[in-house]
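A, B, ... follow the sequence lines: proteins, then strands. Residue 1 opens every chain.
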Amino acid sequence: MRITLNVHRQAGPSAPGHMETYQLDDVTPDMSFLEMLDVLNENLQDDGQEPIAFDSDCREGICGTCGMVINGQPHGPEVTTTCQLHMRSFRDGDTITVEPWRADAFPVLRDLVVDRTAFDRIIQAGGFISVNTGSAPEAHSVPVPKPQADRAFEAATCIGCGACVAACPNAAGMLFMGAKVTHLGELPQGQPERWSRVIDMVKAHDAEGFGGCTNIGECAAACPKEIPLDVISQLNADYRKARSKVKD
Amino acid sequence: MRGYFDCFREEISTNGTTLAYKYSMALAGLLFVFYVLMHMYGNLKILWGAEAFNGYAHHLRILGEPILPYEGFLWLFRLLLLAALFVHVGLALPLWSRANKARSTRYVVKRTVRATFASKMMRWGGVALLAFIVFHLLQFTILKFNVGSGQFPDTVVDPTTHETIANPYPLVVSSFQVWWVVLIYALAMFALAMHLRHGVWSAGQTLGLTGTPAKARAWNLAGIAIAAIVSIGFIVPPLAILFGLVGK
Ligand code: HEM
Ligand code: SF4
Ligand code: FES
């Protein structure tokens, strides 16, 4: 396959960015998108040029580091992560535009790499439960009703990749927060901090400079883990109840 | 003016209130929905002629008598709507500027998947509605200017009860005999339909009432239904007048 790539290049956090065009002739349909970029980087290095910086870790769709916007869609045209996207999703002769996540809360560090620690700070603010560590508790000591367990599990599949923010017209982090609030709020272990959690997470979210949600739904459509939009409803409902329970 | 909106922006970042702002906007928005449904119902009375329409206007003015004075309810409701408008618009603006700041660098290529025309037009459509509301109030409530021909007395003697009552009928009929007035109203009703189509669903989600797929579908359908009923119901009287079915 012959692919033309239009890639955002930026030398550092405060350097100006620009789009750079590259040709790649020896792409096979079985390559993952990241393998295709690996090949491009080898070519660039052979030519004595700087390789394109991008993030990746597990390359099996579970860690959430490999975010980039491909032809205007986070993680590209399929419902999956960039590392699990394959070149067979494109056609011979295609031009593909690759950009970093665009959100001021996720500043660009270099090329396609952004700083996503804003999500970590939201988690630090409330995305935890308090338990005694040491010996593992007996698994059946806290029964969890099946519907709650299923819903918590669905929300818990969020890998914190940030595609929801990248896709959102307001650059809001609500789907991510909704996933965490639903995941922990549905479980008995998450109840002690349930109300302070949602207040603290929303406060951290807003302080990081994410936008406000307008319920457009681009986030859920972009999410590689198919986190449903209704977790944002749960976030809103919990926040509403929390404001009347928690005095700050 | 700048300082005024800056304090809203600061409030969001330090206290995490994007959700609280959205919540207030949703409550104000639902009050508008209730109001436009009532207003549309009242307007349809014009299809039954001068007595029905003027009679309705009169009844609005004596609603709540003798506990409330003449026009007492009307003025209370006007003040409530005005306050809600200040809340709705006053919070939409800082959220709008926040969304722009949350993505100060735009994508070179951006594809939306789930966004609709209605959901993309919420902000500019809202501005259009505000402009229309000002025009509409000047035309029929504050200045009562006639773009057609003739001058009409503010009051008229009811032929059956012999009371002196409000007389909006001739001004309304004369105005909508002018084609471009009808065109302005048709465009405004299109903007209103779009705003309601997304707004009703969005309000349900913002209030945290769409937690299951069935509830989400119900709010979405309510948005479509209310948008259709309100816009069609509002535009029928002007069209009926323009085509001479009423008032000839
Ligand atoms: C007067 C000018 C107006 C402006 C500038 C305005 C602006 C906005 C904006 C920016 C939103 C949020 C967008 C979103 O959530 O996607 C919104 C939501 C909404 N608006 Fe308006 N609007 C106006 C008038 C109205 C009117 C006249 C109605 C009703 C007849 C209305 C009903 C709603 C509803 C129900 C919502 C949903 C609230 C929510 O998103 O939680 N608005 N409006
Ligand atoms: S909700 Fe989905 S898109 Fe957002 S961070 Fe989690 S996995 Fe990624
Ligand atoms: S590299 Fe881990 S999800 Fe893609």
Reported CG-to-CZ distance for the pair D92(A) and R2(A), which is rounded to 0.5 angstrom: 8.5 Å
Choice from T17(B), N100(B), V108(B) maximising heavy atom contacts with chain A below 4.5 Å: V108(B)
Counting heavy-atom pairs under 4.5 Å with chain B, the top scorer among A204(A), A166(A), P74(A), P77(A) is A166(A)
Give the member of C219(A), C168(A), P228(A), A172(A) that has the highest number of heavy-atom pairs under 4.5 Å with chain B. C168(A)
Classify the ring geometry of F140(B) against H136(B): parallel below 30°, tilted from 30° to 60°, perpendicular beyond 60°. perpendicular
Options G212(A), A105(A), A221(A), ranked by heavy-atom pairs under 4.5 Å with chain B, top entry: A221(A)
Given V165(A), L235(A), V69(A), D200(A), the one with more heavy-atom pairs under 4.5 angstrom with chain B than any other is V69(A)
Heavy-atom distance under 4.5 Å to chain A: side chain of T116(B), backbone, both or neither? neither
Taking atom CZ of F135(B) as the centre, report whether more than 12 heavy atoms of other residues, nucleotides or ligands fall under 6.0 Å from it. yes
Just say parallel, tilted or perpendicular for the rings of F210(A) and H205(A), cut-offs at 30° and 60°. parallel
Interface residue of largest heavy-atom contact number with chain A, from A99(B), P213(B), G211(B), under 4.5 Å: G211(B)
Please rank D230(A), D104(A), T97(A) by heavy-atom pairs under 4.5 Å with chain B and give me the top one. D104(A)
Select one option (side chain, backbone, both, neither) describing which atoms of E218(A) are under 4.5 Å from chain B's heavy atoms. both
With only heavy atoms counted, which part of A216(B) is less than 4.5 Å from chain A, the side chain, the backbone, both or neither? neither
Test: D111(A) and R9(A) ion pair at under 4.0 Å: yes
Looking at side-chain heavy atoms only, is the closest gap between F33(A) and V98(A) below 4.5 Å? yes
I'd like to know whether CZ of R111(B) has more than 12 heavy-atom contacts from other residues, nucleotides or ligands below 6.0 angstrom. no
Most heavy-atom pairs under 4.5 angstrom with chain A, which of L209(B), T212(B), L19(B)? L19(B)
Contact summary for N170(A) and A102(B), nearest pair of heavy atoms: O-CB, 3.6 Å
Under 4.5 Å from any heavy atom of chain B - which part of R240(A): side chain
Contact origin within A118(B) toward chain A - heavy atom pairs under 4.5 Å: neither
Rounded to the nearest 0.5 Å, how far apart are SG of C213(A) and CE of M174(A)? 6.0 Å
Measuring heavy-atom distances to chain B, does M201(A) have an atom under 4.5 Å in its side chain, in its backbone, in both, or in neither? neither
Regarding D120(A) and R116(A), does a basic nitrogen lie under 4.0 Å from an acidic carboxylate oxygen? no
Max heavy-atom pairs within cutoff under 4.5 Å with chain B, candidates V231(A), D238(A), L229(A), goes to L229(A)
